[in-house]
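Quick notes on the structure that follows.
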Amino acid sequence: NAGVTQTPKFQVLKTGQSMTLQCAQDMNHEYMSWYRQDPGMGLRLIHYSVGAGITDQGEVPNGYNVSRSTTEDFPLRLLSAAPSQTSVYFCATRRGPLGNTIYFGEGSWLTVV
Amino acid sequence: AQTVTQSQPEMSVQEAETVTLSCTYDTSESNYYLFWYKQPPSRQMILVIRQEAYKQQNATENRFSVNFQKAAKSFSLKISDSQLGDTAMYFCAFMPQGGSEKLVFGKGTKLTVNP
């Protein structure tokens with residue numbers, strides 16, 4: 001009963017490096033999204049997907065890319081890491097447009113030095 | 001654009017007492033969901049309670065209940081018989097019903113339950 005699985009859980013990057021945060025779900029949910037949480041803030045939406053092959057930008061998309069080639073996976077790519085991207089990242093899923101429960105992964109702690 | 005405001009950055013309560021956390025929101029949508037999430041030090045996001053805007057009856061989940069005032073755009077969380085395990089950050093969140101994913105969070109209230 002995995003639910004939403006994020007990897008890695010912790011990562012330290014150097015400025016300018018690239019990396020991918022992985023998110024996988026086994027609930028066959030249509031909707032998947034990525035949020036970031038900065039100190040003293042609630043979660044803010046980075047990118048989201050309403051189905052395989054469909055992605056869109058959220059509130060804070062700059063510096064991140066996403067793709068959705070399968071229902072199960074929704075990776076988040078940092079193209080050239082910056083210290084401002086130091087944050088905790090959450091992947092979330094929802095059954096579909098009528099789904100009223102959002103399921104979160106356990107978070108990925110990213111530090112950019 | 002929707003906004004969610006939590007006006008109490010920190011609160012504390014004695015064990016076994018009752019505490020109410022405040023949340024107000026701004027939207028032009030008529031159909032939406034409201035949520036309270038709990039975030040303990042582990043950072044896991046745990047759904048506490050959910051309210052559908054079309055339902056007039058306030059949601060309850062065991063010791064947790066809400067006071068939903070749609071006209072006032074207010075959505076407060078009441079925790080009864082507070083327990084030490086309730087110590088956490090609490091986030092109020094808003095989501096339009098249907099359509100795309102747009103969950104909007106408040107900045108959170110840090111709740112401490114004292115023994």
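The chains referred to below are lettered A, B, ... by the order of the sequence lines, with proteins before strands, and numbering in each begins at 1.
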Task: Interface residue of largest heavy-atom contact number with chain A, from B:K110, B:Q6, B:M45, under 4.5 Å - done: B:M45
Open item on the list: Would you say CD of A:E106 has more than 12 non-hydrogen atoms from neighbouring residues, nucleotides or ligands within 6.0 angstrom?
Closed with: no
Open item on the list: If I measure from the heavy atoms of chain A, does B:R43 come under 4.5 Å with its side chain, its backbone, both, or neither?
Closed with: both
Task: Contact class of B:E52 relative to chain A, heavy atoms under 4.5 angstrom - done: side chain
Task: Note, B:Y37 side chain near A:I102 side chain (heavy atom, < 4.5 Å) - done: yes
Open item on the list: Ignoring hydrogens, what is the shortest heavy-atom contact between A:Y35 and B:L103? Give both atom names and the distance.
Closed with: OH-CB, 3.1 Å
- [ ] Tell me, yes or no, whether the heavy-atom count around B:K78 atom NZ, taken from other residues, nucleotides or ligands under 6.0 Å, exceeds 12.
- [x] no
Task: Shared hydrophobic cluster for A:F104 and B:F91 (ILVMFWY, side-chain gaps under 4.5 Å) - done: yes
Task: In one Ile/Leu/Val/Met/Phe/Trp/Tyr side-chain cluster, 4.5 Å: B:L47, B:L21 - done: no
Open item on the list: So which residue, B:Q39, B:K107, B:M89, B:R50, ends up with the most heavy-atom pairs under 4.5 Å with chain A?
Closed with: B:R50
Open item on the list: Please tell me whether B:V66 and B:M95 are part of a single hydrophobic cluster in this structure, the criterion being side-chain heavy atoms less than 4.5 Å apart.
Closed with: no
- [ ] Under 4.5 Å, counting heavy-atom pairs only, tell me which of A:V88, A:T101, A:L43 racks up the most with chain B.
- [x] A:L43
Open item on the list: Under 4.5 Å between side-chain heavy atoms, counting indirect links through other Ile/Leu/Val/Met/Phe/Trp/Tyr residues: same cluster for B:Y25 and B:F35 or not?
Closed with: no
Open item on the list: Please check if the number of heavy atoms outside A:K9 that lie under 6.0 Å from its NZ is greater than 12.
Closed with: yes
Open item on the list: Distance check, rounded to the nearest 0.5 Å: A:Q37 atom CD versus B:F105 atom CZ?
Closed with: 8.5 Å
Open item on the list: With a 4.5 angstrom heavy-atom cut-off, is it the side chain or the backbone of A:Y103 that approaches chain B, or both, or neither?
Closed with: neither
